[in-house]
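We use all heavy atoms of the structure for the numbers below, so side chains are in, but hydrogens, waters and symmetry mates are not.
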Amino acid sequence: MEHSHIKLSELQSRIEQSLKQSLPKSLWVIAEINEISVNFKGHCYLELIEKNENTTQITAKQRATIWSYSYNVINSYFKAETGIPLQTGLKVLVQCSVEFHALYGMSLNITNIDPVYTLGEEEKQRREIIERLQTEGVIDMNKSLELPTLIQRIAVISSETAAGYQDFMQSLNNNRAQLPFATTLFNAAMQGIEVEQSVVSALERIFEQEHNFDVVVIIRGGGAKTDLRWFDNYSIAAHIAQFPLPVITGIGHDKDSSIADLVAHTTLKTPTAVAEFLIDKMSNVLQQWQELQQRLTVSCAAIVEKQKSVLTEHNRKLEIHGKHRVENEKLRLQFTHNQLTNAVKISLSRNMQYLDNYKKQLKTAPQQLLLKHKQTLQLYETKIAANNIDTILSKGFTLTTNAEGKRLRSAHDVQAHETLRTYFVDGVVESIAK
């Protein structure tokens, strides 16, 4: 079965004709510049996009071109009116025609750009960011922090190759008072599309070691007014506003301020001005310390002199009191000595009497003890004699045993037909038990 068909080139030709018939030759389009480049011939190539306002997700994308014969005029006029060259991130209102090529597809040929729209969009975005920070209640948080009395440990966010950073370090390290400062650089881009990510990343790295620093300094060298737009950024401003250390900015513009300047604790115009601010702060502290030291020295000298007088008077009183105390102690010791002497004599006399009594007792005690023991022995002898078996038998008692000589104390101890022996005082009688 055959299908009706056309060639690809014919399809593209129809698309081209349809576009020309359905669209005007020129129309105004709002878009954001996502990519931009200029080749060696002076042609400008762009990628335009549109984002969802709530999610920032890209919802449309289109290639565009500004040919060299138009680019120089358009870009110069745009920069003169806005102070900003055509660059990524800008929202623009462009006048263009729709072009379709059989090999390269559809593109927009830009013939004009309205700078008034871009200025309005930039200012609108700036106001929206400020309002958002105010609504969230964070816009003045960093300003409410108290600057440390002594600022020595400084976290610096800047580009290590920036002239402003070099000026800052030279001013700080070569101060006349030779005040000591410790700086740590957190390298970051200071212009271009990478500013947001690199500055936020630097702040996050400082936050991880915030106890090592007194303040954060964000500096860059001088530059075009347009460079400020990279610091009109919500993410950078929100991080600065809520940062736990005071943030000092010196971005390098005398007349204009960025949103980053607006939320920072202290804003100065140049990196050198930031260095001078820190030096003055340290110098004031040093001067206060020197004044306090001088006042302390004078106060201490006055106190010492006063105490010398007090001590002299105390020494005089102690000397007089000491003499009286020594005399009193001598009398007390003499009295105590006399008491001890008398007590020793009385004690010796009593002990001599006790010894005489002991001597007398020792002479009679052995005789009395021997007599007592003799009487006790005689008593024992009498008891033994009274309990002697012969004595008992002589009193008419008898003693009965079995044939083996075991004493029988009860009738229950006697077995039938057992031989019994009965002892009398004058003899032994044997019998047979029945």
Side-chain angles (χ1 to χ4, degrees), residues 30-34 36 48-59 78-79 81-93 114-145 157-159 186 188-204 206-207 216-220 223-269:
I30 296 173
E32 179 181 327
I33 300 175
N34 191 45
I36 182 169
L48 302 179
I49 61 172
E50 181 178 323
K51 295 179 180 177
N52 184 300
E53 293 183 358
N54 297 322
T55 64
T56 70
Q57 183 179 1
I58 296 175
T59 57
F78 184 85
K79 185 175 181 180
E81 292 296 315
T82 64
I84 307 171
L86 291 173
Q87 55 187 276
T88 58
L90 286 181
K91 270 194 171 183
V92 290
L93 175 60
D114 183 0
V116 175
Y117 173 82
T118 301
L119 285 173
E121 280 298 306
E122 289 287 306
E123 184 58 30
K124 178 184 175 184
Q125 289 180 5
R126 179 181 169 87
R127 287 198 307 269
E128 287 175 350
I129 292 172
I130 293 173
E131 290 173 2
R132 181 177 177 184
L133 293 169
Q134 290 173 335
T135 301
E136 293 173 353
V138 301
I139 195 165
D140 293 323
M141 284 182 64
N142 198 259
K143 291 182 183 297
S144 66
L145 298 177
I157 299 177
S158 184
S159 170
F186 293 83
M190 290 289 106
Q191 62 183 20
I193 198 168
E194 296 178 355
V195 170
E196 176 184 350
Q197 180 180 356
S198 60
V199 171
V200 169
S201 175
L203 286 169
E204 289 174 347
I206 295 171
F207 176 76
V216 178
V217 168
I218 302 176
I219 53 176
R220 65 181 301 277
K225 175 183 176 181
T226 57
D227 293 337
L228 275 179
R229 69 180 297 269
W230 301 111
F231 291 90
D232 286 336
N233 178 278
Y234 170 77
S235 184
I236 292 176
H239 277 77
I240 291 175
Q242 300 175 80
F243 205 74
L245 295 176
V247 178
I248 302 172
T249 57
I251 298 178
H253 290 269
D254 292 330
K255 297 181 180 180
D256 302 298
S257 297
S258 66
I259 297 178
D261 293 323
L262 180 66
V263 299
H265 183 283
T266 302
T267 299
L268 299 160
K269 296 303 180 183

Test ring pair (Phe, Tyr, Trp, His ring centres under 6.0 Å) applied to F243 - qualifying residues, sequence neighbours left out: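 Residues passing ring pair (Phe, Tyr, Trp, His ring centres under 6.0 Å) with F243: none at all.
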Atom [atom1] of [X] and atom [atom2] of [Y]: how far apart are they, to the nearest 0.5 Å?
X    : Y    : atom1 : atom2 : value
I33  : I49  : CD1   : CD1   : 10.0 Å
I240 : I139 : CD1   : CD1   : 12.0 Å
Q87  : I36  : CD    : CD1   : 8.5 Å
M190 : I218 : CE    : CD1   : 7.0 Å
I157 : L203 : CD1   : CG    : 4.0 Å
F186 : S201 : CZ    : OG    : 10.0 Å

Any side-chain heavy atom of [X] sitting closer than 4.5 Å to one from [Y]?
X    : Y    : value
V216 : F207 : no
V195 : I236 : yes
Y234 : Q125 : no
E32  : E50  : no
Y117 : V92  : no

Would you name the heavy atoms of [X] and [Y] that are closest together and state the gap between them?
X    : Y    : result
I219 : V217 : CG2-CG1, 3.4 Å
V263 : A237 : CG2-O, 3.6 Å
V247 : A264 : O-CB, 3.5 Å
P244 : L145 : O-CD1, 3.5 Å
A189 : V199 : O-CG2, 4.0 Å

Residues, nucleotides or ligands: over 12 heavy atoms within 6.0 Å of E194 CD: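 No, because the 6.0 Å sphere around CD of E194 holds 12 heavy atoms or fewer from other groups.
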Working for salt bridge (charged side-chain N to carboxylate O under 4.0 Å, His left out), residues E131 and R127: CA-CA 6 Å; E131 290 173 2; R127 287 198 307 269; 5.3 Å; no
Hey, does the side chain of [X] reach the backbone of [Y] with a donor-acceptor pair shorter than 3.5 angstrom?
X    : Y    : value
K143 : P246 : no
N142 : L245 : yes
E128 : R126 : no
T266 : I248 : no

Distance-only polar pair, side chains of D261 and T249, donor-acceptor under 3.5 Å: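 There is such a pair between these side chains.
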Side-chain donor-acceptor pair present, N233, E196, cut-off under 3.5 Å: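 Their side chains do contain a donor-acceptor pair, which is all the 3.5 Å distance test asks for.
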Side chain to side chain contact (heavy atoms under 4.5 Å, CB included) assessment of Q57 paired with K51: CA-CA 5 Å; Q57 183 179 1; K51 295 179 180 177; over 6 Å; no
Option among L262, D140, I259 that satisfies the side chain to side chain contact (heavy atoms under 4.5 Å, CB included) test with L133: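 In the set L262, D140, I259, the residue that makes a side chain to side chain contact (heavy atoms under 4.5 Å, CB included) with L133 is I259.
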